[in-house]
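For reference, positions follow the sequence shown, starting with 1.
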Amino acid sequence: MAKALATYFATVNDIPDTEFKVEIWEDGPVKKISVNGTVYEVDYNVGGDTIHSIILNNKSHGVQISSLNESTYEIKNKGDNFQVEIMDELKKLRLSRTKSKMAGRQVITAQMPGVIQKVHVVPGQEVKAGEPLCILVAMKMENEIHSPIDGVVKEVYIQPADKVAVGDKMLVVE
């Protein structure tokens with residue numbers, strides 16, 4: 001099968017410790033998506049600000065979807081209410097990096113192809129965990145790359161306007 005057009009990860013407040021991998025395979029009047037590997041053809045129409053008509057398996061569902069913040073949505077369907085948090089692959093990667101216990105030498109590599117817009121640090125500079133190191137522009141979006149640990153910038157391999165590929169070494173923090 002071809003590469004997915006987009007991949008998201010969803011968690012539902014009523015289903016603890018469960019994550020759903022949602023991949024969009026075809027985008028058009030009828031969307032082809034997979035949820036944890038099961039493929040669905042979904043047709044939907046927006047009938048107002050928050051009302052969506054979703055046809056799944058030849059059954060129509062009137063679903064109200066309201067945004068609570070940039071990544072959390074409230075979904076109401078036939079008296080059931082759910083809060084769903086959605087994150088893309090980059091946010092998931094960032095979250096997993098900050099949650100893991102990192103110590104020692106950290107080599108920061110490009111997680112996606114793009115162009116370096118700005119470098120905020122120089123070798124020898126002290127940084128705190130979460131402090132911005134550089135800005136990587138990918139798919140017309142600015143992605144701020146943060147330090148995974150408190151430490152000192154040991155090496156900087158990039159400069160503004162450099163093109164990077166997935167896995168390219170950008171910085172080292174110890």
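Note on L133 and I135: separate hydrophobic clusters, where clusters join Ile, Leu, Val, Met, Phe, Trp and Tyr whose side-chain heavy atoms are under 4.5 Å apart, directly or indirectly. Following chains of ILVMFWY side-chain contacts shorter than 4.5 Å, one can reach Y40 starting from F20, so the two form part of one hydrophobic cluster. Note on V137: it does not cluster hydrophobically with I145, by side-chain heavy-atom contacts below 4.5 Å among ILVMFWY residues. By the criterion of side-chain heavy atoms lying less than 4.5 angstrom apart, applied directly or through intervening Ile, Leu, Val, Met, Phe, Trp or Tyr residues, M141 is not grouped with M112; the two fall into different hydrophobic clusters. Cluster annotation: L56 and Y44 are assigned to the same hydrophobic cluster (Ile/Leu/Val/Met/Phe/Trp/Tyr, side-chain heavy-atom contacts under 4.5 Å, transitive).
The shortest side-chain heavy-atom distance between D43 and I54 does not fall under the 4.5 Å cut-off. Using a 4.5 Å heavy-atom threshold, the side chains of Q111 and N143 count as separate. Within the 4.5 Å cutoff, no side-chain heavy atoms of C134 are placed close to those of V121. Counting only heavy atoms from C-beta outward, the side chains of N81 and K76 approach each other to under 4.5 Å. At a threshold of 4.5 Å between non-hydrogen side-chain atoms, the residues E74 and Q64 do not count as touching. Side chains of T11 and M87 form no contact here, defined as non-hydrogen atoms less than 4.5 Å apart. Annotation: side chain of L171 is in contact with side chain of I158 (closest heavy-atom distance under 4.5 Å). Taking the side chain as every heavy atom from C-beta outward, K21 and F9 approach each other to under 4.5 Å.
For Y8, the OH atom counts as loosely surrounded, since its 6.0 Å shell holds 12 or fewer non-hydrogen atoms of other residues, nucleotides or ligands. Atom CG of N36 sits in a crowded spot, with more than 12 heavy atoms from other residues, nucleotides or ligands closer than 6.0 Å. Other residues, nucleotides and ligands contribute more than 12 heavy atoms inside 6.0 Å of the OH atom of Y73.
A pairwise comparison of heavy atoms in I149 and E174 identifies CD1-C, 4.1 Å as the closest pair. Scanning all heavy atoms of the two residues, the minimum distance from P148 to A129 falls at O-CB, 4.0 Å. The heavy-atom pair separating T109 from K169 by the smallest distance is CG2-CA, 4.2 Å. Residues V127 and S147 come closest through the heavy atom pair CG2-OG, 3.6 Å. Nearest heavy-atom pair across P123 and V156 is CD-CG2, 3.8 Å. Nearest heavy-atom pair, W25 versus S34, reported as atom, atom and distance to 0.1 Å: NE1-OG, 3.1 Å.
Taking CG of N69 as the reference point, atom CD of E85 lies at 7.5 Å (rounded to 0.5 Å). Atom CD in E131 sits 10.0 Å away from atom CD in E144 (nearest 0.5 Å). Note that the OG1 atom of T50 and the CD1 atom of I75 stand 11.5 Å from one another [nearest 0.5 Å]. With rounding to the nearest 0.5 angstrom, the OH atom of Y157 is 10.5 Å from the CD1 atom of I108. In this structure, the separation between CD on E41 and NZ on K31 is 12.0 Å, given to the nearest 0.5 Å. Atoms CD1 and OG1, from I33 and T7 in turn, are 12.0 Å apart once rounded to the nearest 0.5 Å.
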May I have the step-by-step check of side chain to side chain contact (heavy atoms under 4.5 Å, CB included) for N77 and F82, ending in yes or no?
CA-CA 9 Å; N77 182 28; F82 302 96; 5.5 Å; no
Residue pair I116, L136: steps toward the side chain to side chain contact (heavy atoms under 4.5 Å, CB included) verdict
CA-CA 5 Å; I116 301 300; L136 171 66; 4.0 Å; yes
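Using a cut-off of 4.0 Å between Lys/Arg side-chain N and Asp/Glu carboxylate O, K118 and E142 are scored as not salt-bridged.
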